[in-house]
Peer 1: 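Encoded as structure tokens, here's the structure I'll be asking about.
Sequential numbering from 1 along the given sequence is applied to the chain's residues.
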Amino acid sequence: MKVVIIGGVAGGATAAARLRRLDEQAEIVVFERSGYVSYANCGLPYYIGGVIEDPEALTLQTPESFFDRFRVDMRVRHEVTALHPDKKTVSVKNLETGAEFEEPYDKLILSPGAKPTQPRLPGVGLEKLFTLRTVEDTFRIKDYINAHHPKSAVLAGGGFISLELAENLRELGMDVTIVQRPRQLMNPFDPDMAAFIHGEVRRHGIRLALGHTVEGFAEQDGGVDVLLKDAAPLHADMVVLAIGVTPDTALARHAGLELGLKGSIVVNDRMETSAPDIYAVGDAVQVKHFVTGQDAVISLAGPANKQGRIAADNICGGDSRYQGSQGSSVIKVFNLTAAATGVNETNAKKAGLDVDKVVLSPMSHAGYYPGGRLMTMKVVFERGTCRLLGAQIVGYEGVDKRIDVLATAIRAGLTAIQLKDLDLAYAPPYSSAKDPVNMAGFMVENLANGVVKQFHTEDVSALPQDGSVTLLDARTAEEYAGGHIEGFRNIPVDKLRERLGEIEPGKPVYVICQSGLRSYIACRILAGYGYEAYNFAGGFRFYDAVTNDRRLIEQATACGMDQ
């Protein structure tokens with residue numbers, strides 16, 4: 001059996017290694033257009049910033065090491081130019097010599113990945129305009145910085161690569177601005193959770209121009225002007241386009257394979273395409289979202305590696321199935337860690353789901369043990385069934401641990417209430433006896449059983465100020481004096497029972513505190529005396545971060561630059 005693989009990075013390299021482990025006699029040929037195989041895309045920004053010093057550390061394998069261990073014929077600098085499913089061959093061009101030839105196959109795996117989205121805008125192609133996807137792109141940017149010592153950079157786009165590159169360029173001492181059309185960074189997060197990412201980025205001196213459309217680029221004064229719609233240009237010594245990636249599927253399209261979202265390759269759960277004996281894996285394929293069941297394109301290394309293994313299994317006579325992607329991801333943003341899994345509230349609503357959420361601000365470990373840091377968690381679930389849909393966490397310690405627990409819970413089909421029953425490891429330096437994940441489950445249970453009712457940031461502006469409801473801040477007088485929502489009166493929770501006479505009976509009471517815990521206790525006290533009480537989800541800390549972020553974005557929209 002001869003297997004040809006197009007693309008030698010995540011999915012393709014994994015498939016090749018798995019094929020060899022399952023079939024020692026198979027002939028395996030991999031064609032990779034770039035000069036490198038099995039490299040770590042996610043590490044590229046950190047090489048530019050000097051965190052990773054050795055360029056060889058970016059490549060997990062070389063063509064030579066791959067051959068030595070797996071006897072796989074890895075041919076770099078070879079571009080496949082056409083597929084011929086009818087005669088089971090591919091056309092190949094050797095980019096070093098220019099020689100062209102046809103290679104036959106019994107089975108074919110497409111793992112072409114995705115390419116940086118390059119809009120057709122004036123100025124695309126300028127010398128000081130870069131993209132970052134391959135090792136060669138990385139060296140190009142690194143060499144430019146070493147040779148020209150640019151003082152400023154504009155990054156167009158606000159996803160993973162852009163944010164990681166922004167941090168690394170800033171650590172090199174450059175002035176960095178991120179500009180993009182959406183009014184938030186990191187679309188896996190809801191706008192309220194993205195506010196904490198924005199805050200960390202701003203604290204480290206990165207400017208944000210959110211809600212702005214890039215219309216082109218122009219050489220100006222030795223640098224590049226980024227031309228914006230209805231706003232002044234942004235000038236920098238260099239510009240990096242990081243506005244997303246597009247499935248690299250021209251070969252599949254010309255060969256007549258069925259395509260789906262964003263031109264991605266349609267596959268079944270065995271990673272088989274519409275053409276016999278042709279499989280496809282990685283960033284180029286359309287998958288089912290594990291939570292919604294809808295078609296999706298999710299460009300992450302974890303799914304690509306799993307899909308490569310599945311394709312290899314099936315080629316070798318197995319019956320492996322891909323169960324869908326849920327988009328679990330994590331990113332370092334300076335000192336902050338931000339992670340997400342499943343669907344966020346925004347996308348759950350777009351999918352037609354009836355959603356609810358809890359927001360909490362637990363400590364990373366036991367409060368009495370030194371060094372604990374606050375994190376902010378948002379858990380999204382389906383109203384009525386309490387089906388766990390997704391979660392987002394932003395904090396400094398323990399974020400990755402909790403998101404992995406929640407990702408596992410989603411995959412296992414647990415409800416949000418069942419989070420309370422998870423038996424999670426506890427010691428004071430690492431967690432609390434009631435882990436933050438357990439706490440989220442307790443909160444959802446309280447909502448489901450009617451023990452507590454909630455209101456949210458988006459509800460505050462609609463609260464009547466005519467005296468028909470009572471607006472109560474349950475924090476201390478000192479906290480209240482340091483900032484509060486207009487119209488909320490202050491009665492500390494520990495004084496509430498003695499001061500119940502100040503709260504008019506028969507009127508709903510909307511209660512807020514710093515994190516949501518004291519206001520929950522206040523709501524239970526009020527309920528015990530016959531009041532209808534609502535607890536603010538997330539507390540004043542959450543409200544303040546979200547509303548301040550919105551104000552700064554509004555200013556950025558007005559003037560073209562974050563203040």
Side-chain angles (χ1 to χ4, degrees), residues 44-45 48 114-134 137-138 140-141 144-145 148 150-170 174-189 191 194-195 197-198 201-202 205-248 262-263 297 299 331 333 346 549-550 552-563:
L44 302 182
I48 293 171
K115 55 188 177 182
T117 303
Q118 293 232 32
R120 295 179 179 177
L121 296 174
V124 169
L126 290 175
E127 181 185 359
K128 297 174 183 178
L129 188 65
F130 301 88
T131 59
L132 178 57
R133 183 65 177 174
T134 66
D137 293 336
T138 307
R140 196 175 301 116
I141 294 173
Y144 180 82
I145 291 172
H148 299 280
K151 297 292 191 294
S152 59
V154 169
L155 309 184
F160 288 95
I161 290 293
S162 180
L163 217 53
E164 290 167 345
L165 183 58
E167 175 180 342
N168 280 277
L169 295 180
R170 185 67 184 142
M174 296 173 63
D175 290 330
V176 179
T177 301
I178 300 175
V179 57
Q180 70 163 5
R181 182 184 304 166
R183 292 164 64 90
Q184 70 167 84
L185 303 175
M186 296 298 296
N187 284 333
F189 295 82
I197 300 174
H198 298 167
V201 167
R202 293 186 185 107
I206 292 177
R207 290 181 288 274
L208 301 178
L210 304 177
H212 286 282
T213 301
V214 175
E215 293 195 319
F217 308 91
E219 289 186 287
Q220 187 72 32
D221 300 328
V224 181
D225 273 356
V226 180
L227 309 177
L228 305 180
K229 182 179 180 180
D230 301 326
L234 300 173
H235 183 78
D237 295 332
M238 62 180 291
V239 174
V240 181
L241 273 177
I243 58 177
V245 294
T246 303
D248 192 356
K262 301 180 181 178
V297 177
S299 299
I331 185 172
V333 185
T346 304
D549 180 62
R550 289 176 182 172
L552 290 171
I553 292 173
E554 291 294 339
Q555 292 175 354
T557 303
C559 70
M561 183 73 68
D562 200 300
Q563 300 298 299

Peer 1: If we only count heavy atoms from C-beta on, is the Ile141 to Ile145 side-chain gap below 4.5 Å?
Peer 2: yes

Peer 1: If I compare all heavy atoms of Thr117 with all of Pro119, which pair ends up nearest, and what's the gap?
Peer 2: O-CD, 3.5 Å

Peer 1: When rounded to the nearest 0.5 angstrom, what is the spacing between CZ in Phe217 and CG in Leu129?
Peer 2: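 The CG atom of Leu129 is 5.0 Å from CZ of Phe217, to the nearest 0.5 Å.
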
Peer 1: Calculate, to the nearest 0.5 Å, the distance between atoms CZ and CG belonging to Arg550 and Leu210 respectively.
Peer 2: 13.5 Å

Peer 1: Consider side-chain contact (heavy atoms from CB on, under 4.5 Å). Of Asn168, Leu163, Thr138, which one does Pro45 pass it with?
Peer 2: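 Considering Asn168, Leu163, Thr138, a side-chain contact (heavy atoms from CB on, under 4.5 Å) with Pro45 is found only for Asn168.
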
Peer 1: Counting C-beta onward and ignoring hydrogens, is there a side-chain heavy-atom pair between Val214 and Ile243 closer than 4.5 Å?
Peer 2: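 No, too far: nothing below the 4.5 Å cut-off.
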
Peer 1: Indicate yes or no: at least one non-hydrogen side-chain atom of Arg202 is less than 4.5 angstrom from one of Leu552.
Peer 2: yes

Peer 1: Which heavy atom of Lys229 sits nearest a heavy atom of His212, and at what distance?
Peer 2: O-ND1, 4.4 Å

Peer 1: Quick one: does any side-chain atom of Lys115 pair with a main-chain N or O of Arg133 as donor and acceptor, under 3.5 Å?
Peer 2: no

Peer 1: Working note: His198 + Leu208, criterion side chain to side chain contact (heavy atoms under 4.5 Å, CB included); need CA distance, chi angles, decisive distance, verdict.
Peer 2: CA-CA 8 Å; His198 298 167; Leu208 301 178; 4.0 Å; yes

Peer 1: Report the distance from atom NZ of Lys128 to atom OH of Tyr144, rounding to the nearest 0.5 Å.
Peer 2: 4.0 Å

Peer 1: So which heavy atom on Met186 is nearest to which on Gly159, and how close?
Peer 2: SD-C, 3.7 Å

Peer 1: Kindly indicate, with the supporting measurements, whether the criterion side chain to side chain contact (heavy atoms under 4.5 Å, CB included) is fulfilled by Asp137 and Leu44.
Peer 2: CA-CA 9 Å; Asp137 293 336; Leu44 302 182; over 6 Å; no

Peer 1: Could you tell me whether the side chain of Arg170 and the main chain of Met174 form a donor-acceptor pair under 3.5 Å?
Peer 2: yes

Peer 1: Given salt bridge (Lys or Arg N to Asp or Glu O under 4.0 Å), test Glu554 with Arg183 step by step and report yes or no.
Peer 2: CA-CA 9 Å; Glu554 291 294 339; Arg183 292 164 64 90; 2.6 Å; yes

Peer 1: Given side chains that start at C-beta, do those of Leu169 and Pro150 come closer than 4.5 Å, heavy atoms only?
Peer 2: no

Peer 1: Where the side chain of Gln220 meets the backbone of Asp225, is there a donor-acceptor pair that is under 3.5 Å apart?
Peer 2: no

Peer 1: Quick one: pull up CE in Met238 and CZ in Phe130 and give me the separation to the nearest 0.5 Å.
Peer 2: 5.0 Å

Peer 1: Decide side chain to side chain contact (heavy atoms under 4.5 Å, CB included) for Asp175 and Lys151; before the verdict, give the C-alpha distance in whole Å, the side-chain angles of both, and the deciding distance to 0.1 Å.
Peer 2: CA-CA 6 Å; Asp175 290 330; Lys151 297 292 191 294; 5.6 Å; no

Peer 1: Determine whether a donor-acceptor pair (N or O, by modelled atom type, separation under 3.5 Å) exists between the side chain of Asp237 and the backbone of Ser152.
Peer 2: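 Yes.
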
Peer 1: So do Pro116 and Leu132 actually touch side chain to side chain, heavy atoms under 4.5 Å?
Peer 2: no

Peer 1: Measure the CG-CG distance between Leu155 and Leu241 for me, rounded to the nearest 0.5 Å.
Peer 2: 10.0 Å

Peer 1: Keeping the roles fixed (side chain from Ser162, backbone from Gly157), state whether a donor-acceptor pair exists under 3.5 Å.
Peer 2: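 Checking the backbone N and O of Gly157 against the side chain of Ser162, a donor-acceptor pair under 3.5 Å is found.
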
Peer 1: Taking the side chain from Gln184 and the backbone from Phe189, do they hold a donor-acceptor pair closer than 3.5 Å?
Peer 2: yes

Peer 1: Quick one: are Gln180 and Leu185 in side-chain contact, heavy atoms under 4.5 Å?
Peer 2: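 When only atoms from C-beta onward are counted, Leu185 and Gln180 do touch, with a gap below 4.5 Å.
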
Peer 1: So, taking the atom named CG in Leu234 and the one named CD1 in Ile178, what distance separates them when rounded to the nearest 0.5 Å?
Peer 2: 12.0 Å

Peer 1: Assess the residue pair Val154 and Val224 against the criterion (side chain to side chain contact (heavy atoms under 4.5 Å, CB included)); give the C-alpha distance rounded to whole Å, side-chain angles, the decisive distance to 0.1 Å, and a yes or no.
Peer 2: CA-CA 9 Å; Val154 169; Val224 181; over 6 Å; no

